[in-house]
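In what follows, chains are A, B, ... by sequence order, proteins preceding strands, each numbered from 1.
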Amino acid sequence: MLIAVVPDEAGVGGPRGALPGGPGPSHPPPADGAGSPAGPGPAGPDRSAPIGPAGAAWLRPLDDAGQPLGPARWSPDLAAAVREAPEARLLWASTAECYPRLLRAGVRVARCHDLELTEALLLGHAGRWGQPKALAAGWARLTGAPVPPDPPPRAATPPGDGQGTLFEASWPPPAAGGFDPMSALVEVYRDQQARLAAAGRDAPAVPDAGRRLRLLVAAESAGAVIAAEMGHDGLPWRVDVHRDLLIDLLGEPSPVGGPPRRLAELAARINEAFGDQRLHPESPAEVLRAFAREGIRLPSTRAWVLRGVDHPAVPLLLEFKELYRIWTAHGWSWCQQWVREGRFRPEYVPGGVVSGRWATRGGGALQIPKVVRRAVQADPGWTFVVADAGQLEPRILAAVSSDARMARAAGAGDMYAALATEAFGGDRARAKVALLGAMYGQTGGQAAPALAALRGSYPTALSYVEDAARVGETGGLVRSWLGRTCPPPSVGANAWGDPDAADPEGPRGEAPPDGPVSGAAARARGRFTRNFVIQATAAEWALALLALLRGSLSGSAAELVFFQHDEVVVHCPVADAPMVVAAVQAACERTRRLLFGDTPVRFPLDVSVVDCYAEAK
DNA sequence: AGTTTCATATGG
DNA sequence: CTCGCCATATGAAACT
């Protein structure tokens with residue numbers, strides 16, 4: 001059972017936290033195509049009812065195909081309506097827009113269908129990557145109306161001391177030209193179901209293509225739900241530990257906002273080492289000039305460049321860089337901005353990366369430096385279960401390429417070691433270089449001879465990535481295992497890949513002499529598509545794991561609090577930890593079968609139970 | 001003064 | 001001849 005949901009902005013909106021004092025202006029009732037009451041009537045708004053904590057909404061029951069099972073009705077209390085149907089799958093335009101208000105009201109959903117994320121997947125699959133994916137755009141495509149562009153993404157909203165002056169994003173978009181969100185939602189959903197079925201039929205070369213794509217859609221929606229919940233719950237963050245850590249590393253903060261004590265001292269010593277100038281160590285240009293004055297010419301001030309330089313300032317500069325980074329990116333002001341009530345609450349953006357990985361908006365949640373993770377401590381009586389998928393991408397390669405020999409090696413706990421034994425004379429480091437080189441398209445350095453060895457023993461796996469590279473180089477598209485499609489070569493320049501080949505000279509006489517795409521650009525594109533088939537499949541593996549894990553934890557106190565590409569963190573009562581460990585292992589095994597059936601490839605999880613995130617692994 | 005790009009760091 | 005993938009975030013430098 002599916003319930004289509006259109007939040008009614010009369011119930012929410014306005015300054016955050018300010019609940020409505022009264023009904024206020026609202027959308028007209030949806031002029032619902034299948035014959036529900038259009039005016040006041042049994043299902044019409046009863047404006048005298050008190051508005052619930054998640055606001056009011058239009059709701060309409062559907063079957064899984066999208067066939068309405070009854071009229072749309074207006075409810076003053078979305079939260080209560082969702083509570084009454086705890087097993088239902090919700091259909092809404094955007095989880096990111098609709099779910100947070102429910103979470104703030106203390107309500108969780110079982111499952112959902114995120115129309116916009118699905119639309120993006122289907123558009124990409126149809127070679128229309130980048131076309132507007134919003135509900136209004138989908139509706140316009142369906143009705144032949146001009147397609148409106150998507151609204152610009154919201155800016156990051158630091159929860160820390162933002163003082164709640166921000167307004168809810170306006171959603172749905174202002175009704176224009178008879179746009180009725182509920183009809184649009186239902187009709188676009190039904191159209192999506194049809195397109196999903198067609199996409200499966202149209203890919204006879206891919207066994208199971210339809211099932212896979214439906215799986216991807218489900219995983220993407222589940223990911224959106226989890227991302228909203230994780231952003232809502234937040235990662236336990238001990239501000240006191242963080243501050244102690246900062247003082248330990250950086251020294252006392254400067255009262256006037258300047259660099260902390262140890263950083264200032266280092267800057268002074270660096271100046272001394274260069275013979276007392278007014279040097280700012282944080283300025284690459286100045287550091288370069290300072291070295292040049294001493295006869296040392298450097299291509300850059302990157303850490304690995306400096307490490308090869310014999311000069312007394314070098315160790316000081318390296319230390320300065322490391323600490324300066326922490327001060328500016330994860331120092332006192334970061335803490336004040338992003339941590340509130342003992343939780344770090346970043347905004348996760350599912351599908352924010354073309355490969356299907358999540359991105360984040362604000363707070364840099366996916367780049368928390370290892371040293372700073374000491375501040376991530378479980379609540380008293382609680383603990384963390386941290387699960388990390390080791391060597392995920394090479395194992396994905398083994399699984400998707402169906403290279404039987406490599407798959408056998410990927411059944412081992414240490415795949416690189418197994419590979420080394422079979423084909424690299426026991427040299428594990430060389431096996432690793434070869435495999436990474438194959439997945440990233442590296443051809444120089446030590447990779448070239450190692451790659452040849454890999455080709456000799458695992459030709460099937462090698463040709464899988466090389467085929468993907470060739471498709472990319474020649475301007476084609478590749479797909480992940482479940483069917484996520486890579487963007488076309490022209491993204492950015494040439495909006496949605498409208499075949500622009502009719503213009504071989506290029507836009508303004510700057511055409512490269514050797515063809516429509518220069519050699520270097522084509523090869524870069526090849527490296528991208530080569531990596532895409534692996535990285536995107538790894539992302540959907542992780543998404544499926546997350547979704548299955550959420551399912552098995554629902555009903556317990558455990559909560560998912562962090563997810564970073566191939567690593568998941570669960571916060572749970574100490575007594576529940578064994579259950580959570582078992583659940584994550586079981587989810588891992590189910591994920592393997594769900595995606596790859598009876599492959600011999602294993603996906604070992606490194607699971608640790610720790611009170612502090614920094615202690616994991 | 002405001003905006004964009006570069007350089008450099010972090011993460012996977 | 002060259003050639004490693006995907007990101008976010010910061011401050012400095014360059015640009016409008």
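Within 6.0 Å of atom CZ in A/R374, 12 or fewer heavy atoms from other residues, nucleotides or ligands are found, so the atom counts as exposed in its surroundings.
Using the six-membered ring where Trp is involved, A/F562 and A/Y613 have ring planes that are perpendicular, over 60° apart on the 30 and 60° scheme.
Following rounding to the nearest Å, A/R527 (CZ) and C/dC6 (P) show an atom-to-atom distance of 9 Å. Distance, A/L543 CG to C/dC6 P: 20 Å, rounded to whole Å. Residue A/I396 contributes atom CD1, which lies 15 Å from atom C1' of C/dC5 at whole-angstrom precision. Atom CH2 in A/W338 sits roughly 14 Å away from atom C1' in C/dT10 (whole-Å rounding). Rounded to a whole Å, the CZ atom of A/R361 is 16 Å from the P atom of C/dA7. If you take NE2 of A/H280 and C1' of C/dA12, they are 11 Å apart, rounded to a whole angstrom. Rounded to whole Å, atom P of C/dG4 lies 18 Å from atom CD1 of A/I534.
Across all strands shown, A/R530 has no heavy atoms under 4.0 Å from either base or sugar-phosphate atoms. As judged by a 4.0 angstrom heavy-atom cut-off over every strand, A/T328 is placed among residues touching the sugar-phosphate backbone only. Across all strands, A/G363 comes closer than 4.0 Å only to sugar-phosphate atoms, never to a base (heavy-atom distances). Among the protein residues, A/G437 comes within range of no part of the nucleic acid, since none of its heavy atoms lies under 4.0 Å from any strand. Nucleic acid contact class of A/F532 (heavy atoms, under 4.0 Å, all strands): none.
At distances below 3.5 Å, at least one donor-acceptor pair connects side-chain atoms of A/Q391 with backbone N or O atoms of A/M415. Proximity of a side-chain donor or acceptor of A/W327 to a complementary backbone N or O of A/P260 within less than 3.5 Å is not detected. For the pair A/D150 (side chain) and A/K133 (backbone), a donor-acceptor distance under 3.5 Å is present. Checking side-chain atoms of A/R395 against main-chain N and O of A/A410 turns up a donor-acceptor pair under 3.5 Å. No side-chain donor-acceptor contact under 3.5 Å links A/T591 to the backbone of A/W541.
With C/dC6, C/dG4, C/dA13 as the candidates, the nucleotide lying closest to the side chain of A/L436 is C/dG4.
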What string of B, S and - do you get for nucleotides 3-12 of chain B 5' to 3' if you count protein non-hydrogen atoms under 4.0 Å? ----SBBBSB
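The base of C/dC3 is paired with the side chain of A/R523 by a donor and an acceptor separated by under 3.5 Å.
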